[in-house]
J.: 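I'd like to ask some things about the structure below.
First the proteins, then the strands, lettered A, B, ... as listed; each starts at 1.
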Amino acid sequence: MAIRILVGVKRAIDYAVKVQVKTDKTGVVTEGVKHSMNPFDEIAVEEAIRLKEKKVAQEIIAVSCGPTQCQETLRTALALGADRAIHVEINGKDYETLQPLAISKLIAAVAKKESIDLVLLGKQAIDDDSNQTGQMVAGLLSWPQAVFASKVDIKDKQAEVMREIDGGSETIRVKLPAVITADLRLNQPRFANLPSIQKAKKKPMAKMTPNDLGVDIKPHQEYLSYEEPPKRQGGGRVSSVDELISKLKEKGLV
Amino acid sequence: MIMPGKTCELIIHQLLPPVRRACLLVPELTLSILTSSHPLWHIPYEEAIAKLDRSDPWWAFLWPGSQGLARYVLDNKSLIRGRCVLDIGCGCGASAIAAKIAGATNVIANDIDKDALIATRHNAQLNDVTINKFSSYNLIQNPSLAFQNNKIDLLIIGDMCYDDQLAKQILHLIIAAHQHHIHVLLADPGRYSFKSIVMNQLKDKMKRVCEYPIIDRDYVESDFETIQIWTT
């Protein structure tokens with residue numbers, strides 16, 4: 001029996017962009033900055049497509065929460081092979097203060113509404129590095145979770161998942177419905193080409209609001225200040241090993 | 001969004017050489033379109049649109065619905081001969097060209113993207129036919145006006161119902177055409193918005209006259225297997 005997959009895709013600042021803190025320290029500069037799909041979500045999308053190619057999955061629904069530009073991220077997911085998309089529209093102040101718990105509630109609500117068997121997410125987003133959403137979605141739905149997946153096998157409504165853990169890996173088996181989050185080594189995602197993006201523009205995308213899903217997105221934490229990491233001190237060159245040793249001795253390091 | 005820069009003529013001539021038998025379902029046609037034998041098909045989206053200098057070159061593809069429409073037109077010349085045909089959303093122009101080959105007296109190619117009209121004119125030349133008139137007027141928004149200003153007795157629509165808004169406009173267009181006693185031929189590969197909006201409203205008024213398999217590997221999409229031809 002083929003399963004239905006929900007895959008979460010977050011629009012995040014592109015991995016190659018040098019992130020800058022706003023001068024008033026209330027956040028990071030996002031205007032005019034290149035955004036793209038969170039790389040861990042790309043891996044989750046790729047895994048969903050592979051499950052569909054293996055006929056394990058019957059339908060893939062991509063979900064993104066945020067402003068209108070999230071539709072570009074959803075188009076990419078559709079171009080890669082998702083069947084349809086749901087855009088949960090959140091703008092302005094609500095978006096700026098959006099936190100993992102609210103996202104988790106939205107994803108859980110969509111999962112219930114769409115009779116989803118498997119929620120596939122990136123293990124974390126590269127912007128906030130929270131690493132909370134997958135775990136909280138599982139908690140909210142009372143579903144089993146297999147996070148930091150590096151291999152996924154699905155058979156008879158069960159998922160066998162190899163997980164990355166400290167010092168190695170472990171393999172666990174969970175019953176579906178379940179939440180799986182993708183780690184870096186799960187797969188190598190494909191890229192979207194021009195025809196796939198054009199084809200994706202012909203795939204259905206539904207728009208809804210947190211209200212439609214009966215979810216309160218009020219933040220529960222307050223961000224006080226954003227700081228740049230401390231600037232690295234410049235290094236120096238030495239011409240010989242002897243000079244290196246004498247300098248280290250000078251500083252009392254050896 | 002059309003980024004100013006290279007003209008469409010230049011792009012067609014530099015990047016899109018004519019492809020003989022560009023589509024398996026309509027091997028009669030030679031078209032300057034993107035196929036999987038073209039390098040631009042195989043590079044990331046951002047690189048391809050940078051090369052083409054356009055973000056939405058719909059006219060650079062022959063979409064499944066239009067493949068079926070062109071096939072049906074070529075296979076049913078008796079329905080086309082002597083007619084005045086309007087191809088709405090003509091894209092690369094394959095259906096308009098097919099209508100001309102099938103013996104239509106007058107063919108109007110319409111697309112709101114002026115690049116599509118340039119591509120259609122170019123592709124018509126490749127197939128030794130002349131399209132009689134080109135129009136970029138958005139006639140979906142005022143179909144009656146367009147039908148009054150042009151003598152048309154056949155409206156052809158290939159693969160236009162790809163979102164709800166467009167499908168609703170196409171629905172109104174078909175109804176308006178019917179009121180003006182204009183015959184409609186529509187081709188669709190089973191898109192969600194076509195079924196939920198157009199068919200839902202017109203299931204008693206339109207009939208399916210033909211069905212073609214999607215045999216072109218470039219367009220084998222997960223949920224589509226056939227192209228259906230519908231008529232009023």
J.: In a table with atom names and distances, give each donor-acceptor pair under 3.5 Å that connects a side chain of residues 109-123 of chain A to protein atoms at least two apart or in another chain.
T.:
from   : atom 1 : to     : atom 2 : distance (Å)
A:E114 : OE1    : A:R4   : NH2    : 3.4
A:E114 : OE1    : A:R84  : NH2    : 2.6
A:D117 : OD1    : A:K157 : NZ     : 3.0
A:D117 : OD2    : A:R4   : N      : 2.8
A:K123 : NZ     : A:D183 : OD1    : 3.1

J.: Can you confirm whether B:I112 is buried at CD1, in the sense that more than 12 heavy atoms of other residues, nucleotides or ligands lie under 6.0 Å from that atom?
T.: no
J.: Mind checking what makes side-chain contact (heavy atoms from CB on, under 4.5 Å) contact with B:H183, not counting sequence neighbours?
T.: B:R83, B:L154, B:T231, B:T232
J.: So does A:K201 have more than 12 non-hydrogen atoms from other groups sitting under 6.0 Å from NZ?
T.: yes
J.: With a sphere of 6.0 Å drawn around CG of A:D129, does it hold more than 12 non-hydrogen atoms of other residues, nucleotides or ligands?
T.: yes
J.: Strictly less than 4.5 Å between heavy atoms, which residues of residues 185-195 of chain A line up against chain B? Please order them by number.
T.: A:F191, A:A192, A:N193, A:L194, A:P195
J.: Using a 6.0 Å cut-off, check whether atom OH of A:Y95 has over 12 heavy atoms from anything other than its own residue.
T.: yes
J.: What side-chain donor-acceptor pairs closer than 3.5 Å can you find for residues 159-169 of chain B, not counting sequence neighbours?
T.:
from   : atom 1 : to     : atom 2 : distance (Å)
B:D159 : OD1    : B:R191 : NE     : 2.5
B:D159 : OD1    : B:R191 : NH2    : 3.3
B:D159 : OD2    : B:G65  : N      : 2.7
B:D159 : OD2    : B:R191 : NH2    : 3.3
B:D163 : OD1    : B:Q165 : N      : 3.2
B:D163 : OD1    : B:L166 : N      : 2.8
B:D164 : OD1    : B:S193 : OG     : 2.7

J.: Less than 4.5 Å apart, side chain to side chain, heavy atoms only: is that true for B:F61 and A:K199?
T.: no
J.: Could you tell me which portion of B:L34 (side chain, backbone, both or neither) has an atom closer than 4.5 angstrom to a non-hydrogen atom of chain A?
T.: side chain
